[in-house]
Amino acid sequence: MPELPEVETIRRDLTERILNKKIVQLDILLKKTVKNDSNNFRQELLGDRFTRVDRVGKLLIFELKKSNRFLLIHLKMTGQLVYCFGKKVIAGGHSDEVGVECLPNRHTRVVFGFSDKGKLYFNDMRTFGYVKLVNAQDLEIVKAKFGIEPMDKGFDLSFLKSLIKNRKTNIKAVLLNQNLIAGIGNIYVDEILFASHVLPTRGVNRLSDQELKLIVKHSKVILKKAIDNRGTTFNNYVDASGRKGNFIKFLKVYGRKGQKCKRCDGVVEKMKVAGRGTHYCAKCQK
DNA sequence: CCTTGTGTTCTCCG
DNA sequence: CCGGAGAACACAAG
């Protein structure tokens, strides 16, 4: 379940490994993963080079040198982008648990091969993820749909207040809404609200400035700490080296249903909020 | 049955 | 009846 910290980790890793290397191989193992015509897609990428890897929310954007188009990659729930050198996954890979020791594997959908023998595998068990070439104009349309990056300076109390003005929904739905705030998913939203002592079901029109301030602060602190720890591997996320993220050891509520609260003597409960499984402590979140 | 990110569709309300 | 908000559904596979 890659969210902002996981996608950012992949972006940084790939930036160090694939930039300015000629694309010499392109295998499409599952056509529906590629949202362009397969032949055009191959033809356009072969011989070109990635000059930059960007991220907006959970979406990766690869800038091309020759083509005036951009490659978008969305991992959705089970997508992985694993970079290998030769046949070996570099920097090791917890292969016993995430199954990337043998590539391509049964979940590999697209393979990018570079002139230095490096290979980038797009694996996706549930096949919700996609790769797509778009032109500059379409890229701007896509970008415009995303809300503010929560780690940006501009995301502060007054900005959050402007987002929730006249809204009637709960705070969890707002934090998950990519059109309002980009990159927070189901794991980090529960962690942010726990850290802020705020119940996910709270209506946004009833939150105090103090509570909103805490939500802004903990959004930044938790996402940063998660990036510093290379993200969270709960089910099958791996970084671009096939390694798992380390943030799971810092999770305080997500996935802890029935366990003792880490902050008080309550017990972590689980309910459905905004259509998602939601973890919280009813005793110390208000 | 459950899990989730996002786009689409439905429904409600003023 | 329109627009917008928010909820519900669709998608997939283990």
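As the structure is a computational prediction, the values presented were derived from the model and not from experiment. Sequence lines set the chain letters: A, B, ... in the order given, protein chains first and strands last, and positions in each chain run from 1. Quick note: numbers below take in every heavy atom, side chains included, and nothing from hydrogens, waters or symmetry partners.
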A.B. asks: Output the rounded distance in Å from CG (A:Leu163) to P (C:dA5).
C.D. replies: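 Whole-Å distance recorded here is 12 Å.
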A.B. asks: Which part of the nucleic acid, if any, lies within reach of A:Lys272 when heavy atoms closer than 4.0 Å are counted: base, sugar-phosphate only, or nothing?
C.D. replies: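 The answer is sugar-phosphate, as A:Lys272 gets under 4.0 Å only of primed atoms, P, OP1 or OP2.
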A.B. asks: Take the protein atom NZ of A:Lys76 and the nucleotide atom P of B:dT3, then report the distance between them rounded to whole Å.
C.D. replies: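 In whole Å, B:dT3 P and A:Lys76 NZ are 19 Å from each other.
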A.B. asks: Just N and O in the side chain of A:His74: are any of them under 4.0 Å from OP1 or OP2 of B:dG5?
C.D. replies: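 Answer no for this pair, as no side-chain N or O of A:His74 is under 4.0 Å from OP1 or OP2.
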A.B. asks: How many Å lie between NZ on A:Lys145 and C1' on B:dT6, as a whole number?
C.D. replies: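 Spelled out: NZ on A:Lys145 to C1' on B:dT6 is 11 Å.
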A.B. asks: Could you tell me how far apart A:Ile181 (CD1) and B:dG5 (P) are, to the nearest whole angstrom?
C.D. replies: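 A:Ile181 atom CD1 is separated from B:dG5 atom P by 15 Å.
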A.B. asks: Nearest whole Å is fine: how far is B:dG5 C1' from A:Leu176 CG?
C.D. replies: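 Checked: the CG to C1' distance equals 9 Å.
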A.B. asks: Rounded to whole Å, how long is the line connecting atom NZ of A:Lys35 with atom P of B:dT6?
C.D. replies: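 These atoms are roughly 14 Å apart.
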A.B. asks: Should A:Lys58 and A:Glu3 count as an ion pair when the cut-off is N to O under 4.0 Å?
C.D. replies: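 Judged by the 4.0 Å cut-off on N to carboxylate O distance, A:Lys58 and A:Glu3 do not form a salt bridge.
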A.B. asks: Using a strict 4.0 Å threshold on nitrogen-to-oxygen distance, state whether A:Glu149 and A:Arg55 make a salt bridge.
C.D. replies: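 Looking at A:Glu149 and A:Arg55, the cut-off is met.
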A.B. asks: Are A:Asp190 and A:Lys252 close enough, and set up right, to give a salt bridge (Lys or Arg N to Asp or Glu O under 4.0 Å), and what steps lead you there?
C.D. replies: CA-CA 9 Å; A:Asp190 284 2; A:Lys252 293 199 165 68; over 6 Å; no
A.B. asks: Rounded to the nearest angstrom, tell me the gap between atom CG in A:Asn179 and atom C1' in B:dG5.
C.D. replies: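 The answer, rounded to whole Å, is 12 Å.
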A.B. asks: Do NZ/NE/NH1/NH2 and the carboxylate oxygens of A:Lys21 and A:Asp116 come within less than 4.0 Å?
C.D. replies: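 Looking at A:Asp116 together with A:Lys21, the answer is yes, because their closest N to O distance falls below 4.0 Å.
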A.B. asks: Indicate for each nucleotide in nucleotides 9-14 of chain B, in 5' to 3' sequence, whether protein heavy atoms under 4.0 Å reach the base (B), only the sugar-phosphate (S), or nothing (-).
C.D. replies: ------
A.B. asks: Under the criterion side-chain contact (heavy atoms from CB on, under 4.5 Å), I'd like the reasoning laid out for A:Asn135 against A:Leu139: C-alpha separation, chi angles, the key distance, then a yes or no.
C.D. replies: CA-CA 6 Å; A:Asn135 61 32; A:Leu139 176 64; over 6 Å; no
A.B. asks: Using every non-hydrogen atom in the two residues, find where A:Tyr280 and A:Thr278 come nearest and quote the distance to one decimal.
C.D. replies: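 Smallest interatomic distance, heavy atoms only, reads CD2-O, 3.7 Å.
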A.B. asks: Would you kindly give the CG-to-C1' distance between A:Asp124 and B:dT6, to the nearest whole Å?
C.D. replies: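 Those two atoms, CG and C1', are 13 Å apart.
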A.B. asks: Should the ring pair A:Phe85 and A:Tyr83 be called parallel, tilted or perpendicular, given that the plane angle runs from 0 to 90° and is split at 30 and 60?
C.D. replies: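 Ring orientation, 0 to 90° scale: tilted.
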A.B. asks: Look at A:Asp209 together with A:Lys213 and state whether they make a salt bridge at an N to O cut-off of under 4.0 Å.
C.D. replies: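 Salt bridge flag = no for A:Lys213 with A:Asp209.
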A.B. asks: What is the per-nucleotide protein-contact pattern of nucleotides 6-14 of chain C, from the 5' end, where B denotes a base atom under 4.0 Å from a protein heavy atom, S denotes such proximity for sugar-phosphate atoms only, and - denotes neither?
C.D. replies: SS---BBBS
A.B. asks: Contact between A:Val56 and A:Ile61 at the side-chain level, heavy atoms closer than 4.5 Å - yes or no?
C.D. replies: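 A:Val56 reaches A:Ile61 side chain to side chain.
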